[in-house]
Amino acid sequence: MIKFLARLFIKITGFLPFWIILKPKFYYASYKAKKDAKNLKEGAIIISNHTHIFDYYVFLYKYLFHVVHTMVSDIVYKIKFLTTLNKIMGNIKIESRDSSNYVAINKTREFLSKNKTVLIFPEGRLEDKKGEIMDFKPSAILLAWENNKPIIPYYINGKYSLFSRVHLIAGEKIYLRQIFKKETINEEDIKEMINYVRNEVNRLKHKLEMMEKHKTQELFNRRAFVMDSAKLISPPWRLFFWSKLIYLGNKKEIKRLMKDSVLISSNHIGLFDPIALSLSFFSRRLRIVAQEELWHKKFMRFAMKNSGVIKYRRVSMDKFDINFIVEIREILEARGVVGIYPQGHIIDNEEFNKPLMGGLAMISLMTKTPIIPFLMDSKYSVFKKTIFAIGDPIYPERFLNGNTIISNHLVEEYNDYVYNHMRDIYDTIRKMRKKHD
């Protein structure tokens, strides 16, 4: 009871200074990773790279309503105040002179057997250079394997400053027994598991860098203020531009996918299509692809540049703009949403009868990103009701079947499937239009 009250006192009194001084910002590799990071009912081993002594306090207040037992070096125990703090928080002392650390390992096993959560910095010490992840020691991996507990990986950039925020990103839970399906393990297996977990942390590092670069998780982004402003004035806009949004696909599944990386494929029949697309997916900031020719006029260049539009340079009829593909791939890695008009340009006759270019299919297969089809039955114009339809998502995994090589035939097959799926949706809403008229 005394320890509980002491912990409560420390967390309450330190909460405000913590957020004022350290100002951490948390990211998540996926929507599932966000749920995993919060679910500690079964117990877990949290691991992270180690950049600063402040790392411990970031996790202390990240899990404000949980007791997270941390493996702490005996060097810290030389400071009397920190010794008391570690005892109150139920941390585990690591003896630097004892290579086996039998007592500490047993204490950790005891916590895990009671479904408690343990925090381990597997590098074993502070990084020599912040952000350069060092080799991992095996303790966290062995404990996770022996006790059949999930590992929750984190990466922390270590940028502690009064004028900047430290950024962290959490990944999805790693269940080693599900990945390495073996009854017993040897030294080679342990090395393989260590490399696997370390690579996952490195992937989180890359994903965080992409999120910081493209600002896909920011509420406000000056690079997209034109489209964001259009969303803010959308209520009066809708008085003049009438529309009806319908879900022909599973609404719950679509909304779940929209919380992660996704490609939105739309027909293109008018100049206001990008606004219609963005307003239909109001909760996410879309990065829409547009041809380079639209940048030639000064006003359009300003609007495009400040709406987060992705420029596509038409190299030739049978080649793709590599920079365009790289940018889309980075945005998708950063949990962004990309809108593409795969027919390539505006179709004036308002018909969906032109084949799709192969870029959308290729990007979806390369990045393993699902496609959400979005169709409009007519031009988005003043005082004319337009039907918007969102169809069932298309998953590239069903075409890949575990293949790592993406052939031209596979792209063509997948592209034809996307076209036919979109065509079916378009035919459905056109029939609805006829009945309405």
Side-chain angles (χ1 to χ4, degrees), residues 27-30 131 155 157 167 169 171 199-218 221-224 227 257-258 260-266 268 274 277-278 284-296 301 303-345 356-372 394-397 399-400 403-408 410-412 414-415 418:
Y27 295 87
Y28 300 92
S30 64
Y155 172 77
N157 67 6
H167 291 179
I169 182 169
N199 288 337
E200 286 299 306
V201 177
N202 267 311
R203 274 191 274 271
L204 290 177
K205 176 187 176 183
H206 175 70
K207 190 173 279 284
L208 178 61
E209 288 169 352
M210 292 301 101
M211 288 179 177
E212 291 173 331
K213 178 181 178 180
H214 294 284
K215 301 188 183 302
T216 55
Q217 304 301 304
E218 305 295 334
N221 186 350
R222 60 180 179 80
R223 299 177 194 169
M227 191 59 74
L257 282 177
M258 284 301 297
D260 279 313
S261 304
V262 72
L263 291 160
I264 298 175
S265 177
S266 173
H268 198 9
L277 190 61
S278 293
R284 292 301 306 270
R285 180 180 290 113
L286 271 62
R287 300 291 302 276
I288 295 173
V289 176
Q291 292 179 11
E292 185 181 27
E293 289 80 359
L294 295 173
W295 265 260
H296 292 168
R301 183 166 63 250
M304 297 273 182
K305 191 175 180 181
N306 292 283
S307 294
V309 174
I310 302 168
K311 185 190 293 185
Y312 170 64
R313 301 168 182 82
R314 195 186 296 276
V315 181
S316 71
M317 293 302 291
D318 59 347
K319 293 183 180 179
F320 293 103
D321 175 7
I322 299 300
N323 294 328
F324 145 81
I325 293 173
V326 169
E327 185 174 2
I328 289 180
R329 190 164 191 163
E330 287 184 353
I331 292 166
L332 294 174
E333 286 176 349
R335 286 185 69 191
V337 178
V338 176
I340 298 180
Y341 298 105
Q343 292 175 306
H345 56 82
L356 310 183
M357 298 173 70
L360 170 70
M362 186 179 69
I363 292 167
S364 176
L365 290 167
M366 283 172 56
T367 60
K368 297 180 182 177
T369 304
I371 297 171
I372 293 178
I394 305 166
Y395 295 94
E397 288 87 354
F399 286 80
L400 287 167
N403 294 327
T404 55
I405 298 174
I406 301 171
S407 64
N408 289 335
L410 180 61
V411 173
E412 289 174 7
Y414 186 48
N415 193 49
V418 174

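Values below: all heavy atoms of this structure, side chains included; hydrogens, waters and symmetry mates excluded. Here, residue 1 is the first one in the sequence, and each next residue gets the next number. Quantities reported herein were computed from a predicted structural model and do not represent experimental measurements.
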Which atom names give the shortest non-hydrogen contact between [X] and [Y], and what distance separates them?
{"X": "Pro396", "Y": "Pro370", "result": "CD-CA, 3.9 Å"}
{"X": "Met362", "Y": "Val411", "result": "N-CG1, 4.2 Å"}
{"X": "Thr369", "Y": "Thr367", "result": "OG1-OG1, 2.7 Å"}
{"X": "Ser261", "Y": "Arg335", "result": "OG-CA, 3.1 Å"}
{"X": "Leu277", "Y": "Ile264", "result": "CD1-CG2, 3.8 Å"}
{"X": "Val309", "Y": "Ala290", "result": "CG1-CB, 3.6 Å"}

side-chain contact (heavy atoms from CB on, under 4.5 Å) between Val289 and Val338, worked out: CA-CA 7 Å; Val289 176; Val338 176; 4.0 Å; yes
Rounded to the nearest 0.5 Å, how far apart are [atom1] of [X] and [atom2] of [Y]?
{"X": "Asn221", "Y": "Ser307", "atom1": "CG", "atom2": "OG", "answer": "11.0 Å"}
{"X": "Met304", "Y": "Glu292", "atom1": "CE", "atom2": "CD", "answer": "12.0 Å"}
{"X": "Leu360", "Y": "Tyr341", "atom1": "CG", "atom2": "OH", "answer": "13.0 Å"}
{"X": "Glu397", "Y": "Ser364", "atom1": "CD", "atom2": "OG", "answer": "8.0 Å"}
{"X": "Ser266", "Y": "Ile372", "atom1": "OG", "atom2": "CD1", "answer": "12.5 Å"}
{"X": "Gln217", "Y": "Lys215", "atom1": "CD", "atom2": "NZ", "answer": "12.0 Å"}

Do [X] and [Y] have side chains that approach each other closer than 4.5 Å (heavy atoms only, starting at C-beta)?
{"X": "Glu212", "Y": "Asn157", "answer": "yes"}
{"X": "Leu400", "Y": "Leu410", "answer": "yes"}
{"X": "Tyr312", "Y": "Ile340", "answer": "no"}

side-chain contact (heavy atoms from CB on, under 4.5 Å) between Leu332 and Leu263: does it pass, once the steps are laid out? CA-CA 8 Å; Leu332 294 174; Leu263 291 160; 4.1 Å; yes
Among residues at least two apart in sequence or on other chains, which ones pass ring-ring contact (aromatic ring centres under 6.0 Å, His included) with Tyr414?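 Partners of Tyr414 under the ring-ring contact (aromatic ring centres under 6.0 Å, His included) test: Phe399.
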With sequence neighbours excluded, residues passing ring-ring contact (aromatic ring centres under 6.0 Å, His included) with His167: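 ring-ring contact (aromatic ring centres under 6.0 Å, His included) check on His167 returns Tyr27.
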Any donor-acceptor pair under 3.5 Å from Arg285 side chain to Ala224 backbone: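 Here the side-chain-to-backbone pair does not exist.
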Starting from the C-alpha separation in whole Å, work towards a yes-or-no answer on side-chain contact (heavy atoms from CB on, under 4.5 Å) for Ser278 and Ile288. CA-CA 9 Å; Ser278 293; Ile288 295 173; 3.8 Å; yes
Residue of the set His214, His206, Lys207 for which side chain to side chain donor-acceptor pair (under 3.5 Å) holds with Glu333: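 That would be His206.
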Does the pair Asn306 and Arg223 meet the rule for a side-chain contact (heavy atoms from CB on, under 4.5 Å), with working shown? CA-CA 5 Å; Asn306 292 283; Arg223 299 177 194 169; 5.9 Å; no
Positive for side-chain contact (heavy atoms from CB on, under 4.5 Å) with Ile331, one of Met211, Arg287, Lys213, Met210: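 With Ile331 as partner, side-chain contact (heavy atoms from CB on, under 4.5 Å) holds for just one option, Arg287.
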